[in-house]
Amino acid sequence: MKLISHKIFLKHDLKGHPESAERIRKALKTFKFVQAVNGEKHLKKAHTERYINAVKAASGSAKPIFLDAGETYVCKETYKAACYAVGAAVQAAELARKGQNAFALVRPPGHHAHPDWTNGFCIFNNIAIAAACMAEKKEKVLIIDIDMHRGDGTTACVNEINPSLGNKISYFSINQQGVFPGAAIDEGNIRNVYVAPGITEDQYIEVLEEKLNEALHKFKPTMIGLSAGFDSSAIDAKRHAAALGCAMPLTRKTIEVLKEMIKGYPYFAVLEGGYDPASVLEGVSEFTEQKIGKAKKK
């Protein structure tokens, strides 16, 4: 599985913030990757011009600015980094469509970014934009979100853009009950599955296998997009319990099961959450099959 990334993602940074450059710094030093490209031209596939311009303007400030109530920040290089994150997601989708599954190691993340506003540390909705690009090429894309938090932004984007794309995008999320951003009523091509706090990994896998197989059978996608949030990792649990009030117990085993379930489909993945650098390292390693500490940057 090819890895796509860029050093520009380290420029979007606010020290002490959970979504800081430290999340992926070690991964960029560890794994071999190909360079991401600027995806600015794709932004309007999921976002309004007003919102795009607001992010761009905020990125011109000398000091970090928050787009919400002290959670999602923008600094001098954020707009550029976010455009490259979109570009990497689209590159990964294009590679998958051509037979080479790919992982976009990006930040800022995207699945809480709505068409005209955002929260949850996200700027542009990388996975929704990539899925829209594929839907325009007549692909049926199932987005599978394994982040601990429901992708409310992706849901909003899919509902907004699906009618003009022939309803060729579907969204499936398996996330922890009772955490940000809360539950929602399923509508259209949206399916949210909530698992209880304290669930074991085996129980989680049992739910995943049952509900995801239902979604695959119902929608019959031609390709898969993965919102790969590693905040559901057991490695991230201590950090979440302290900072975000939640934790899940997943290990490499869950990723192995997921990969087996979707191995018959072209698929691409895009990084979402995961706030301990070790959980990002493990997750990327499992998806790409690059060994930690062995690969070199390209």
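Nothing fancy with the numbering, it's 1 onward along the sequence.
Residue Val270 is not grouped with residue Ile123 when hydrophobic side chains (ILVMFWY) are merged at heavy-atom distances under 4.5 angstrom, including chains of intermediate members. Follow the hydrophobic side-chain contacts under 4.5 Å out from Met223 and you reach Met261 in the same cluster. Tyr73 and Val106 fall into different hydrophobic clusters, where Ile, Leu, Val, Met, Phe, Trp and Tyr residues are linked whenever their side-chain heavy atoms come under 4.5 Å apart, directly or through other members. Note: the hydrophobic cluster containing Val141 does not contain Val90 (ILVMFWY, side chain heavy atoms under 4.5 Å, direct or indirect links).
Not less than 6.0 angstrom separates the ring centroid of Tyr51 from the ring centroid of His114. Remark: aromatic rings of Phe124 and His42 are distant, center separation not under 6.0 Å.
Between the side chain of Asp116 and the main chain of Thr48, no donor-acceptor pair closer than 3.5 Å is present. Judged purely by atom type and a 3.5 angstrom limit, Gln290 uses its side chain to pair as donor or acceptor with the backbone of Lys32. Here the side chain of Ser20 pairs no donor or acceptor atom with the backbone of Asp13 at under 3.5 angstrom. Within the 3.5 Å criterion, the main-chain N or O of Gly273 finds a donor-acceptor partner in the side chain of Asp147.
Using a 4.5 Å heavy-atom threshold, the side chains of Leu258 and Thr254 count as separate. Contact check for Leu250 versus Met148: no side-chain heavy atoms found under the 4.5 Å cut-off.
Under the 4.0 Å criterion applied to side-chain N and carboxylate O atoms, Arg23 and Asp276 are not assigned as salt-bridge partners. The pair Lys137-Glu94 meets the salt-bridge criterion, since a charged nitrogen lies less than 4.0 angstrom from a carboxylate oxygen. Lys259 has a carboxylate O that lies under 4.0 Å from a charged side-chain N of Glu289, or vice versa, which qualifies the two as a salt bridge. A salt bridge links Arg97 to Glu139: one of the charged nitrogens lies within less than 4.0 Å of a carboxylate oxygen.
Residue pairs satisfying the ring-ring contact (aromatic ring centres under 6.0 Å, His included) criterion with at least one member in residues 89-111, sequence neighbours excluded, are listed as follows: Phe103-Phe287. Residue pairs meeting the ring-ring contact (aromatic ring centres under 6.0 Å, His included) criterion with at least one partner in residues 171-196, sequence neighbours excluded, are His112-Phe180.
In this structure, the separation between OG on Ser170 and CG on Leu216 is 9.5 Å, given to the nearest 0.5 Å.
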Side chain to side chain donor-acceptor pair (under 3.5 Å) assessment of Glu40 paired with Tyr79: CA-CA 9 Å; Glu40 184 178 23; Tyr79 181 77; 2.6 Å; yes

Verdict with reasoning, Phe33 to His6, per ring pair (Phe, Tyr, Trp, His ring centres under 6.0 Å): CA-CA 8 Å; Phe33 61 88; His6 200 288; 8.0 Å; no

